[in-house]
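Start at 1 with the first residue, then count along the sequence.
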Amino acid sequence: MASGRRPKYQLIADALREAIHTGRYGPGDRLPGENDLMAEHRVARMTARQALGVLQAEGLTETRKGAGVFVRAFRPVRRQGIGRVARAEWGSGRSVWDGDIEDRQLTVDEIVVREEPAPERIAAVLGLDAGEPVCVRSRRYVLDGKPVLLATSYLPAALVAGSPVTWPDPGPGGIYARLADLGHAPARFREEVRARMPSQEEAGRLGLGSGVPVVLVCRTAYTAQARAVEVNEMVLDSAAYILEYGFEA
């Protein structure tokens, strides 16, 4: 193959991607299958399969067993990384999701609140001894019927004991508003973002096809006294999100 020439499967993927972006194939439409691509482009089955795999890995398509490959109909969430956790939002009783989802339907279909010994990595951030108890809040968020996020929050158990933070529904404004009620209002947040392939459990809970990576966001909430009061480890379907961060010059 001459230097600079792209493999045939990538050229086919480029053509299909362009057809999706220009609207020739809209959300929910079925794409040409392997047999169609083999006949149209005179390529081997593996080449056609690789081309479709590229689009699935980019999150543009999904495979439905026995039916074919379809353009994903889900509209990505534009996640406002900074403004969504502003005190003006949760302090007024709004959810941190309110600015992201507009008029879309969001549900938490799985939520477990429990107390357990702090993992070493969490204890180090929260300033606890390894094994000291933490309140753990595990949730799965579903938007427009599609799972988009797994989130697990860790808070010092002694800090939130007996408060609504330990309830499945902590009330208006969520746990940040309840921390404020306890005199430990978050004043600063820090987020770390990275990406990897999902575990089998994560892929199953998020309904991910093969080849779709996840984005990991770890957010730590600090009080004005620089005390860490929550660590929230989130696993996002990478194809379901646009991560937006605004900064002053």
Side-chain angles (χ1 to χ4, degrees), residues 1-81 97 100-107 109 140-150 193-217 234-246:
M1 182 181 296
S3 176
R5 289 188 59 189
R6 306 187 69 211
K8 186 68 174 178
Y9 78 89
Q10 290 187 348
L11 296 177
I12 297 172
D14 290 345
L16 290 172
R17 187 188 303 106
E18 180 66 17
I20 292 171
H21 288 162
T22 58
R24 178 181 170 191
Y25 297 111
D29 286 350
R30 184 182 182 279
L31 291 181
E34 292 178 10
N35 291 337
D36 301 318
L37 295 177
M38 290 167 60
E40 180 180 352
H41 297 280
R42 298 182 180 180
V43 296
R45 183 173 301 278
M46 181 56 67
T47 300
R49 186 171 298 168
Q50 287 178 303
L52 293 172
V54 168
L55 301 181
Q56 183 170 344
E58 293 176 355
L60 291 175
T61 64
E62 59 186 5
T63 300
R64 301 176 191 170
K65 190 172 182 179
V69 178
F70 294 80
V71 180
R72 290 187 70 168
F74 184 79
R75 176 162 52 99
V77 181
R78 185 172 292 275
R79 183 181 185 273
Q80 308 289 335
W97 280 85
D100 296 342
I101 63 174
E102 301 171 344
D103 58 350
R104 303 169 72 178
Q105 183 65 40
L106 175 73
T107 59
D109 74 336
R140 182 174 78 162
Y141 292 85
V142 177
L143 185 61
D144 294 343
K146 184 195 181 310
V148 295
L149 170 70
L150 308 175
V193 182
R194 59 191 179 95
R196 62 165 168 76
M197 297 307 296
S199 68
Q200 186 174 1
E201 179 191 7
E202 290 165 346
R205 293 181 67 196
L206 289 172
L208 302 179
S210 61
V212 179
V214 290
V215 174
L216 309 180
V217 180
M234 294 165 272
V235 181
L236 290 65
D237 173 359
S238 63
Y241 280 87
I242 298 171
L243 305 183
E244 180 176 305
Y245 295 89

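The closest side-chain heavy-atom distance from Leu216 to Arg196 is below 4.5 Å. Taking 4.5 Å as the limit, some side-chain heavy atom of Leu243 sits within range of a side-chain heavy atom of Leu236. By the 4.5 Å heavy-atom criterion applied to side chains, Thr61 and Ile20 are counted as neighbours. Within the 4.5 Å cutoff, the side chain of Val69 has no heavy atoms near those of the Gln56 side chain. For the pair Thr47/His41, no side-chain contact is recorded, criterion being any heavy-atom separation below 4.5 Å from C-beta on. No side-chain heavy atom of Leu206 sits under 4.5 Å from any side-chain heavy atom of Val212. Side-chain contact between Leu16 and Leu37: present, with at least one pair of heavy atoms (C-beta onward) separated by less than 4.5 Å. For the pair Val142/Gln105, no side-chain contact is recorded, criterion being any heavy-atom separation below 4.5 Å from C-beta on.
To the nearest 0.5 Å, atoms OH (Tyr25) and CD (Glu18) are separated by 12.5 Å. Note: Thr107 OG1 to Tyr141 OH = 10.5 Å, rounded to the nearest 0.5 Å. Atom CG of Leu11 is separated from atom NZ of Lys8 by 6.0 Å, given to the nearest 0.5 angstrom. If you take CZ on Arg17 and CD on Gln10, they are separated by 8.5 Å, rounding to the nearest 0.5 Å.
In summary, Lys146 and Glu62 do not engage in a salt bridge, as defined by a charged side-chain N under 4.0 Å from a carboxylate O.
Formation of a donor-acceptor pair under 3.5 Å by the Arg64 side chain with backbone atoms of Phe70 is not found in this model. Formation of a donor-acceptor pair under 3.5 Å by the Arg30 side chain with backbone atoms of Ala67 is found in this model.
The minimum heavy-atom distance between Tyr241 and Val148, with the atom names listed, is CE1-O, 3.3 Å.
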